[in-house]
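Only one structure is covered here, and it is reproduced in the block below.
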Amino acid sequence: MGDLTGQATAGAAAERPRGRLRVVLGMAPGVGKTVRMLAEGRAERDAGRDVVIGLLETHGRADTAAAAAGLELVARRMVSYRGTELEEMDLPAVLARAPELCLIDELAHTNAPGLEHAKRYEDVEEVLAAGIDVLSTLNVQHLESLNDQVAELSGVRVRETVPDAVLAAADEVVVVDLTPEELLERLRAGKVYPAARIESALGNFFRVENLTALREVALRQVAEEVGQRRIAAAGGGMRAELLDAAAGQAVGERLLVLVQPQPSTQRLVRRAWRSAQRLGAELDLLWVRPPGALDAEHERSLTALMQLASMLGAHFVVEESDTLVETVVAVARRRHSTYILMGRPRPARGLARLHTPLPLRLMELLPGVDVRIVADRGRREERGER
Amino acid sequence: MKLGRNRIGRATGEGEREGRILVPFTAQGLSQRALDAALRLARAEEATIVPAFLVRVPRTLPLDSPLPAACSVGMPLQEVIEQRAGAAGVAVDARVSRGRTYRDALGRLLAQERFDRVVIAAGADARHGLAEHDLGWLLAEVPAEVVILRPAVEPSGRDGEAGSRA
């Protein structure tokens, strides 16, 4: 009997197209993601769709519990782990119930050991594969690529993360926006945490500067999603994920900056970093170190340059060689560089004037790699230009 | 193309200067008065100014973590300082330094390098940047001449004056 049910479910899933994923994204706990998810679920149900709640975390908030009233809830299952009873989403029950739309809160949640999947977003993937639409929620600090940035901004590092690919694969991402002041008001009114936790929250994560920064990150994230979808839409009928993959290969940039241990190089590195930020590119710094010892002044400049590279998140590559061009070409090929940035070459003197200038040689030897000479802004200003 | 070791120094055109004037600043900004004072001193003494961007790293992160958010504020400031210095004909040798506090970041930099002067503005709001006790620490511990500028006064008030102590 069980086998027959399994076959029937599999057969039904085979007939149903993959479900659609909609993610409600917020800057912090308490902005109203879950309430928004429930409101949307209720609207879908009122429009005649079969909607159930697969998993709901009310965190004891009265308005969240009220928003769930009247919606069918799939009961949680109890999981025993090291003598503790944990409540988790009942994935088999959700799949067996097979609604049209399932509301699953907290996409970044880590499941108790021993369940079908380690992470809730993997459960969601299985629900989608069964042809069930999913509406879920996520805080921006749980996004893997933003984890470091958010930790830097807020001083709080979260352990439960979601790969960016999960959000990128979502059919829709909506942001629940609230000004930091409004959120703090909600917090002080006891709408986010119980009274005992409010003071501690206000002094730590819930500071205006934190929330402002997180809000910016959340809004930017959604803006980038919209931008990528617009590019995908312009592909004329191609599936978005196929186009995204191709675009990644076609326009994935990697910048290689030729540096020397001298003060003026820092400006070159900063400009390269800004370009890398705009392009979403990796940044490599290459110093072709001539054989021999460095004097104190160059040692000092080298240390400063390495500090700068480390703070910017750039990779500092040192190659000892007395053949500059060949070494640059080898490193550029090895690191799949798409851009080479360099300072203005020194005017050649003597026999060196007979040689092909460095930028031209690099362009000859590295077809398909852009070579950019970064101007000395000081010189422009000397001429009175702006 | 070969690059001889002995050509590096000549190529840079940036030989060792006599004096080095440290101008620390944070993501909260750099005092215009401190920069102007440092540039005036550097120009008069043909010294190099060293604008140092101090960054506070949260304890949850390793000290050598990349800090893109802080850099997105600090790097444009470094750029502005270099432009101002370039216009004033003053050589610049920028630095970045990380620490658990701004004082820690500054202390790490001072432990690595020698400076002849440190020019710093006492912030009007001590919650940002270096606080009063940090300035006291600078005066007591740093083996360099320390120039502390008073905070800018309100437009209606009397203009601040620079105080200096060697």
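To find a chain, count down the sequence lines: A is the first, B the second, and so on, and within it residues start at 1. Because the structure is a prediction, the values reported are computed rather than measured.
Between A:P263 and B:V92 the shortest heavy-atom distance is CB-O, 3.5 Å. Scanning all heavy atoms of the two residues, the minimum distance from A:A304 to B:A94 falls at CB-O, 4.4 Å.
For the atom pair B:L109 CG and A:Q307 CD, the distance stands at 8.5 Å (nearest 0.5 Å). Between the SG atom in B:C71 and the CD atom in A:Q277 there is a gap of 8.5 Å [rounded to 0.5 Å]. A distance of 6.0 Å separates OG in A:S301 from CZ in B:R95, rounded to the nearest 0.5 Å.
Interface remark: B:A85 contributes no atoms to any contact with chain A (heavy atom separation under 4.5 Å). Of the atoms belonging to A:Q266, it is side-chain heavy atoms, and not backbone ones, that fall under 4.5 Å from chain B. B:S72 touches chain A through backbone and side chain together, each having a heavy atom under 4.5 Å away.
Within a 6.0 Å sphere centred on CZ of B:R43, heavy atoms belonging to other residues, nucleotides or ligands number 12 at most.
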Assess the residue pair A:R300 and B:Q112 against the criterion (side-chain contact (heavy atoms from CB on, under 4.5 Å)); give the C-alpha distance rounded to whole Å, side-chain angles, the decisive distance to 0.1 Å, and a yes or no. CA-CA 9 Å; A:R300 199 169 58 196; B:Q112 281 174 0; over 6 Å; no

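When only modelled atom types and interatomic distance are considered, B:R98 and A:S310 share a side-chain donor-acceptor pair under 3.5 Å.
Between A:R267 and B:M75 the shortest side-chain heavy-atom distance does not fall below 4.5 Å.
Note on B:E82 versus A:R270: salt bridge recorded, some NZ/NE/NH1/NH2 to OD/OE distance being below 4.0 Å.
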